[in-house]
Novice: 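Once you've had a glance at the structure underneath, I'll fire off some questions.
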Amino acid sequence: MTQPTYHPYHLVEPSPWPYIGACGAFFTTVGGVMYFHYSQTWGLILGLITIVLTMVIWWRDVIREATYQGHHTLIVKQGLKYGMLLFIVSEVCLFFSFFWAFFHSSLVPTIEIGAVWPPRGIEPLDPFSIPLLNTAILVSSGATVTWAHHGIISGKRKEAIVSLALTVTLGIIFTALQAMEYFEAPFTISDSVYGSTFFMTTGAHGAHVLIGSSFLLVCLLRLINHQFTRHHHLGFEAAAWYWHFVDVVWLFLFIFMYWWGS
């Protein structure tokens with residue numbers, strides 16, 4: 001017989017998904033190294049499949065706890081908000097390190113790269129072609145996700161669904177354009193510190209766009225299934241915060257790496 005609880009906190013039951021997700025991250029990291037050095041993809045594919053499966057099943061469990069079991073009380077939601085904010089702060093620190101490497105190399109270029117920036121032999125991308133288009137797309141997606149939030153809190157469900165679907169579509173278009181830009185780039189990640197900092201930073205941002213798009217896609221499916229109300233839509237709020245963070249990082253990327261750095 002289950003003992004009754006007399007507190008507002010959610011005591012999570014033992015779950016294998018943190019361990020399995022960590023294993024997936026390990027396989028992905030090792031697999032990425034194996035791919036770069038030995039062109040073997042099996043480790044990377046195994047890691048990515050493990051992470052995707054963990055995301056699907058773990059998110060399903062969290063959605064069930066929040067929507068059907070009623071575990072997400074006000075104090076639990078407050079803790080989840082603090083957790084999401086701290087996660088975004090950690091992401092700020094990650095991109096701060098990338099920008100630190102970029103400015104360290106670009107403000108005082110060493111003689112090994114020709115004492116100029118961009119380094120000698122590097123033909124930078126035109127910032128006013130695909131990067132500018134991607135900037136317009138991502139800024140527009142920030143507006144549409146805000147529109148979706150307004151639709152949810154106003155009780156305009158159809159309007160929220162349309163605007164959120166538009167946000168996900170813009171995220172997918174952004175990713176496709178960046179992939180095309182990578183294929184057409186006249187330099188690679190191994191072309192001096194310029195290529196390393198450029199592809200590491202833009203690649204990390206592209207990965208965050210993919211993650212944010214998946215967050216918003218899950219929110220879209222939950223919205224279609226009537227799982228969000230005016231007062232209970234924390235999952236969407238967290239995804240929207242993350243998406244706005246991705247927007248701001250891209251603005252810094254466009255201004256400094258694409259425009260100023262070229």
Side-chain angles (χ1 to χ4, degrees), residues 1-32 43-96 145 148-149 152-153 157 160-161 164 167-168 171 204 207-246 249:
M1 181 176 178
T2 304
Q3 294 294 328
T5 57
Y6 300 102
H7 58 79
Y9 299 96
H10 178 205
L11 302 181
V12 183
E13 297 179 358
S15 171
W17 304 121
Y19 174 75
I20 296 175
C23 291
F26 175 76
F27 291 145
T28 302
T29 304
V30 175
L44 182 60
I45 293 174
L46 175 62
L48 292 175
I49 291 175
T50 304
I51 289 176
V52 171
L53 289 177
T54 302
M55 289 168 56
V56 172
I57 300 175
W58 200 354
W59 286 353
R60 180 206 62 184
D61 292 346
V62 174
I63 291 171
R64 182 172 60 232
E65 293 168 355
T67 307
Y68 304 113
Q69 297 178 343
H71 289 312
H72 286 191
T73 60
L74 291 176
I75 191 68
V76 171
K77 289 195 291 184
Q78 185 180 21
L80 290 172
K81 287 181 179 180
Y82 287 149
M84 189 64 191
L85 290 173
L86 289 174
F87 171 68
I88 292 176
V89 169
S90 72
E91 296 288 89
V92 171
C93 294
L94 172 68
F95 281 98
F96 180 82
V145 78
H149 192 195
I152 292 175
I153 62 179
R157 181 171 169 272
I161 291 175
L164 191 52
T167 305
V168 174
H208 282 70
V209 171
L210 282 174
I211 294 170
S213 299
S214 65
F215 285 174
L216 294 174
L217 179 59
V218 170
C219 290
L220 176 61
L221 296 176
R222 293 188 65 190
L223 185 60
I224 293 174
N225 290 323
H226 300 273
Q227 294 183 5
F228 287 145
T229 66
R230 293 183 179 184
H231 306 290
H232 296 278
H233 52 271
L234 177 60
F236 172 80
E237 285 186 336
W241 294 347
Y242 188 85
W243 195 253
H244 287 308
F245 161 74
V246 169
V249 171

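Worth saying up front: this structure is predicted, and the values here are computed from it rather than measured.
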Novice: Would you name the heavy atoms of Ile161 and Leu220 that are closest together and state the gap between them?
Specialist: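 Looks like O-CD1, 3.7 Å.
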
Novice: Say you draw a straight line from NE2 of His231 to NZ of Lys77; how long is it, rounded to the nearest 0.5 Å?
Specialist: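 It is 9.5 Å, given to the nearest 0.5 Å.
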
Novice: Taking atom OG1 of Thr67 and atom CG of Asn225, what is their separation to the nearest 0.5 Å?
Specialist: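 Those atoms lie 10.0 Å apart.
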
Novice: Can you name the closest pair of heavy atoms from Ala239 and Leu216 and give their distance?
Specialist: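 Looks like CB-CD2, 3.8 Å.
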
Novice: To the closest 0.5 Å, what do you measure between CZ (Arg222) and CD (Gln227)?
Specialist: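 If I round to the nearest 0.5 Å, the distance is 5.0 Å.
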
Novice: Step by step, work out the side-chain contact (heavy atoms from CB on, under 4.5 Å) result for Leu48 and Leu44.
Specialist: CA-CA 6 Å; Leu48 292 175; Leu44 182 60; 4.2 Å; yes

Novice: Show, in sequence, the C-alpha distance, side-chain angles and deciding distance for Trp241 and Phe236, and conclude whether the side-chain contact (heavy atoms from CB on, under 4.5 Å) test is met.
Specialist: CA-CA 9 Å; Trp241 294 347; Phe236 172 80; over 6 Å; no

Novice: Give every residue pair that meets the side chain to side chain donor-acceptor pair (under 3.5 Å) criterion with at least one member in residues 78-87, sequence neighbours excluded.
Specialist: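 Passing the test, one end in residues 78-87: Gln78-Tyr82.
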
Novice: Would you check if the side chain of Arg60 reaches a backbone N or O of Met55 as a donor-acceptor pair within less than 3.5 Å?
Specialist: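 Looks like no, no N/O pair under 3.5 Å.
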
Novice: Do Thr28 and Thr50 touch side chain to side chain, with heavy atoms closer than 4.5 Å?
Specialist: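 No, too far: nothing below the 4.5 Å cut-off.
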
Novice: What is the distance from atom OG of Ser15 to atom CD1 of Ile57, rounded to the nearest 0.5 Å?
Specialist: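 Going from the OG atom of Ser15 to the CD1 atom of Ile57 covers 10.0 Å.
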
Novice: Any donor and acceptor pair, going by atom type alone, linking the side chain of Ser214 with main-chain N or O of Ile211 inside 3.5 Å?
Specialist: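 Present.
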
Novice: Search all heavy atoms of His208 against all heavy atoms of Leu94 and return the closest pair with its distance.
Specialist: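 So the two residues come closest at CE1-CD2, 4.1 Å.
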
Novice: Report the C-alpha separation of Ile51 and Phe27 in whole Å, then their side-chain angles, then the decisive distance to 0.1 Å, and conclude whether the side-chain contact (heavy atoms from CB on, under 4.5 Å) test is met.
Specialist: CA-CA 9 Å; Ile51 289 176; Phe27 291 145; over 6 Å; no

Novice: So with a 6.0 Å cut-off around CD of Gln69, is the heavy-atom count from everything else above 12?
Specialist: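 Counting other residues, nucleotides and ligands, CD of Gln69 exceeds 12 neighbours.
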
Novice: Between Glu237 and Tyr242, does any side-chain donor sit less than 3.5 Å from a side-chain acceptor?
Specialist: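 Absent: no donor and acceptor within the cut-off.
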
Novice: Compare every heavy atom of Val209 with every heavy atom of Trp243, then report the nearest pair and how far apart it is.
Specialist: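 That closest heavy-atom pairing would be CZ3-O, 3.6 Å.
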
Novice: Measure the acute angle between the ring planes of Phe228 and His233, then classify it against the limits of 30° and 60° as parallel, tilted or perpendicular.
Specialist: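 Perpendicular: the ring planes of Phe228 and His233 meet at over 60°.
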
Novice: Is there a side-chain contact between Thr29 and Phe26 (heavy atoms, below 4.5 Å)?
Specialist: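 Contact flag for Thr29/Phe26 side chains = no.
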
Novice: State whether the number of non-hydrogen atoms from other residues, nucleotides or ligands found under 6.0 Å of Leu86 atom CG is greater than 12.
Specialist: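 It does: Leu86 CG has more than 12 such atoms within range.
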
Novice: Apply side-chain contact (heavy atoms from CB on, under 4.5 Å) to residues Leu164 and Ile152 and explain how you reach the verdict.
Specialist: CA-CA 10 Å; Leu164 191 52; Ile152 292 175; 5.7 Å; no

Novice: With side chains defined as the heavy atoms from C-beta onward, is the minimum distance between Val62 and His72 less than 4.5 Å?
Specialist: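 In contact.
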
Novice: For the residue pair Leu223 and Arg157, what are the closest heavy atoms and their distance?
Specialist: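 For Leu223 versus Arg157, the nearest heavy atoms are O-NE, 3.4 Å.
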
Novice: Return the minimal non-hydrogen interatomic distance between Val145 and Ala240, and the atom names on each side.
Specialist: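 Where Val145 meets Ala240 most closely, the heavy atoms are CG2-CB, 4.2 Å.
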
